[in-house]
Amino acid sequence: MSTVSGTNDFGLVMSYSSWIQNGSTEEKETFLNCPFTKKRPLSIPEHVILASGVHNRYWVLDVQDVTSSQSCTEKHLTITCSKTTQSREACILKDGWESTPVAVGDIVHLEGRCVSGLWTIDGDSGFLVLLPDLLISGTSIASSIRCMSLCVVFKQAFDGGSKQMLNGTIVHDIFQKAAMSSDFSPERIQAFTVCLVLALIRYSLKLTQADMRQEVEEYLPSLSEWAKHYVHTSPQAGQKQLTLKLPSDGALSKQDATCSMTVTDFVDIEENIWCPRFGLKGKIDVTAGVRIHRRGRRPTERIVPLELKTGKESNSIEHRSQVILYTLMSSARRCDPEAGFLVYLKTGSVHPVVGNHMDRRELVKIRNSLAHHIGNSLVKVDGRSQMAPLPAIVSDKQACKYCPQKRNCAVYNRDPVENCIENPQAFVQSESEHLSHVHLQYFSHWLLLCTLEALTMENKGGRRNIWLQTAQQREKSGGCVGNMQLDRDVSVLSDGVYKHSFVRKEGNQTLTGLIVGDRIVVSDQDSVLIGLATGYVTEITISGVTCSLDKNLSKFSSNTVFRLDQDEGAGGLSTHLGNLSMLIENTPSSERLRELIVEFRPPQFIDSLSSVLPRDAKDTVANILKGLNKPQKQAMKKVLLSKDYTLIVGMPGTGKTTTICTLVPAPETVEKNGISNHTEAILVQALVTLLLKAGCRASDIGVIAPYRQQLKAISSLLQGDAFKALEVNTVDKYQGRDKSIIIVSFVRSNPEGNISELLQDWRRLNVAITRAKHKLLMLGSAPTLRRYAPLEKLLCHLQQEDMISFTNYRYRLKISKCLFKLTFYCYMICKREWKR
């Protein structure tokens with residue numbers, strides 16, 4: 001006889017397993033009406049959305065642990081997809097599924113067969129997805145195989161980046177650009193490398209372009225070799241032999257399992273998939289069409305995920321698990337690929353990975369455990385919220401030794417109240433013994449605040465409503481525009497940014513759900529293809545919306561109907577958590593920061609400037625302070641005397657930004673070939689990119705610089721089809737010509753105030769600042785430029801007329817409030833991006 005843990009009310013005489021096979025309809029009705037299932041359930045909150053069918057969503061009314069007649073443990077659920085709870089169904093979890101941490105009040109999604117109101121989830125069939133609206137990345141799940149703690153609290157990305165991560169990003173981008181251009185030639189790959197190393201260099205990692213070029217170039221020959229063996233246009237494609245048995249192949253001998261694979265099409269790169277059906281999300285490195293050839297059989301065509309790896313060719317369980325999860329996500333969007341491929345870019349090797357039911361089943365179980373911990377990351381103690389305990393720390397010392405979150409995990413496991421160690425692992429002590437009781441409390445407090453903020457953002461953002469509500473339902477409450485179709489050809493604004501124009505297909509023409517500047521997510525009307533692209537609204541008319549998106553949607557059929565949803569769930573806390581992590585490091589710099597920030601040690605100041613400044617620096621300092629008012633000069637002096645930090649405070653409009661910008665120079669570089677200013681070149685690139693995103697045409701933008709070396713520096717950053725129509729030239733080349741938008745880079749920035757004869761020629765200056773028809777943007781070092789009388793007069797006039805604004809390290813000068821005005825949406829997007 002079956003026994004039920006925790007209740008004496010359940011008296012069925014047969015086990016659930018035999019009941020499925022032999023039980024009559026009357027017996028099943030008896031179960032559904034027995035005292036156990038008739039218990040009064042907790043009321044279902046009004047906001048909860050339930051559903052039946054393929055995309056079912058059930059509310060758990062009751063959970064019972066049962067021992068069957070075969071002495072097997074099972075978990076029996078009473079569930080409903082009706083808000084009235086009148087219609088109830090049963091679900092049996094066994095063969096390992098009984099360990100699922102499901103509780104009363106949870107929402108679950110079920111995959112499998114339902115017979116007369118009874119679901120059976122066992123080792124051979126079916127899935128239970130716990131909290132399906134909590135989308136967890138395939139990378140997090142794969143990492144959780146060895147240690148779940150790694151992904152529970154630190155899913156917001158505590159890590160601030162590393163040389164290896166940057167290297168991997170660049171190599172990934174090179175492969176992806178070569179794939180989408182269908183050109184893996186060494187010359188093309190080398191060209192991509194030059195552009196990407198220049199664009200993605202991270203000064204915070206103290207890496208030079210030469211350093212990164214050396215790292216990246218190790219991979220380049222393998223990329224071309226990979227294409228030679230696997231891309232169908234290559235004469236040598238299809239000669240490499242692989243072993244692959246797809247579930248649909250049935251029984252295959254080892255010989256018949258041998259096959260070759262060729263890539264026939266690169267469908268997408270970084271394909272974004274949100275899959276609430278399985279509670280998963282991810283970005284697939286490369287989605288490719290492949291042709292699988294077997295001896296004596298017709299070729300098989302599939303669209304499969306390619307997972308790119310830049311590390312060691314390990315073919316590890318974590319790497320394989322990522323691919324398996326991508327096949328599962330892909331099956332919700334298109335025909336089940338059944339397999340994917342690991343591509344190790346350092347060697348060019350390819351490893352097939354089959355997504356069979358057993359592997360998918362085990363990964364969904366891990367995903368459910370992770371969802372349980374993430375969904376219950378906060379607990380109430382005496383009415384106050386606090387962080388829940390982490391999952392048990394793994395006993396694998398090797399795994400802990402190289403874990404990037406080792407210190408954060410150790411500090412989390414220290415009790416900030418008692419300052420004691422709750423976990424016996426030795427690394428917990430060694431990684432946190434440098435921290436005092438006050439430090440531990442600070443860490444716990446701010447981690448809690450970040451977690452609460454993340455939950456608030458998640459609940460407020462309503463991203464789940466994209467798949468839970470129809471476009472019509474969301475339009476009523478605002479934040480969505482549905483029934484939209486592409487109106488015109490998609491145009492390229494910049495690298496990876498595409499201009500789309502949508503119009504209403506039919507019905508109500510009024511568009512009121514979005515405003516210019518909104519961040520949006522584009523999905524299909526039926527929310528089957530969720531999160532196809534993200535971007536910003538740049539223009540709204542009575543019947544249409546223009547957006548800049550990160551994907552080109554023109555590949556979809558002209559009959560495809562889209563919905564545009566406002567996306568407020570895009571914010572992250574990675575910067576906050578990264579700073580918190582850095583604060584607890586066992587280093588002298590972090591110790592000093594803890595003294596100042598956590599222990600509130602007052603900042604210290606030097607007695608006089610003469611003790612820190614050389615004698616010949618007097619004129620330089622005077623030049624820097626020139627143009628500042630008395631309070632600003634006092635603030636500057638305090639900064640120069642500071643040993644630790646200085647807080648500059650003041651009412652709006654008192655010149656705080658002016659003071660700060662004066663403190664941060666962008667020095668010029670004098671080389672054999674001429675003079676350049678790399679910081680200004682980067683700012684020019686950023687401004688051009690923002691203007692293109694805002695809808696400006698590249699042909700309407702001109703860039704002027706007085707030195708050819710600066711022109712080279714700027715041109716090297718403006719590579720790609722999006723920038724082809726943009727003109728970068730000297731002042732003389734613009735004589736007698738104009739552009740809608742002109743960006744002038746003055747280049748010179750030095751303590752001596754040298755500006756050279758080129759900038760002292762007032763006629764050249766006159767030409768440079770009168771070439772713009774609508775907007776002029778000038779980048780330069782104010783202290784240096786003030787040494788030249790005409791520029792000094794110009795800057796003073798702009799200050800008096802309140803026409804100077806600041807952007808990062810440089811003055812951005814808005815010349816004439818009327819003459820140089822962009823359209824409203826363009827201005828708003830530029831403003832939004834610069835605030836970021």
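Residues take their numbers from the sequence shown, with the count starting at 1.
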Requested in this report: Might you work through the side-chain contact (heavy atoms from CB on, under 4.5 Å) test for Thr193 and Arg213, ending with a clear yes or no?
Outcome: CA-CA 8 Å; Thr193 303; Arg213 279 286 294 272; 3.9 Å; yes
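- Side-chain atoms of Asp567 never come within 3.5 Å of backbone atoms of Arg519 as a donor-acceptor pair (strictly under, hydrogens ignored).
- With a 4.5 Å cut-off on side-chain heavy atoms, Leu455 and Leu378 count as touching.
- Glu680 and Ser745 form a side-chain donor-acceptor contact under 3.5 Å, judged by distance and modelled atom types alone.
- Using a 4.5 Å heavy-atom cutoff, the side chains of Met387 and Ser444 are not in contact.
- Judged by distance alone, the side chain of Tyr219 and the main-chain N or O of Thr310 form a donor-acceptor pair under 3.5 Å.
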Report task. Would you please test Asn408 and Ile584 for side-chain contact (heavy atoms from CB on, under 4.5 Å) and show each step? Result -> CA-CA 8 Å; Asn408 299 316; Ile584 62 171; 3.6 Å; yes
Query raised in the report: When you look at Ser140 and Ser143, which way does the side-chain hydrogen bond (donor to acceptor under 3.5 Å, both in side chains) test go after all the steps?
Result: CA-CA 5 Å; Ser140 295; Ser143 300; over 6 Å; no
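- No donor-acceptor pair closer than 3.5 Å links the side chain of His445 to the backbone N or O of Gln441.
- Counting only distance, with no hydrogens or angles, the side chain of Ser590 and the backbone of Thr587 share no donor-acceptor pair below 3.5 Å.
- Remark: Glu453 engages no residue in a salt bridge (Lys or Arg N to Asp or Glu O under 4.0 Å) (not counting sequence neighbours).
- Within the 3.5 Å criterion, the main-chain N or O of Lys406 finds no donor-acceptor partner in the side chain of Glu431.
- The environment of CD in Glu595 is crowded: more than 12 heavy-atom neighbours from other residues, nucleotides or ligands sit within 6.0 Å.
- Atom-to-atom distance recorded for Leu779:CG and Ile704:CD1 is 12.0 Å, nearest 0.5 angstrom.
- Remark: the backbone N or O of Gly650 is paired with a side-chain donor or acceptor of Lys656 at under 3.5 angstrom.
- For the pair Ser377/Thr451, a side-chain contact is recorded, criterion being any heavy-atom separation below 4.5 Å from C-beta on.
- Applying the salt bridge (charged side-chain N to carboxylate O under 4.0 Å, His left out) test to every pair with at least one member in residues 641-653, sequence neighbours left out, gives these pairs: Arg592-Asp644, Arg601-Asp644.
- In this structure, CZ in Arg594 is found 11.5 Å from OH in Tyr442, a value given to the nearest 0.5 Å.
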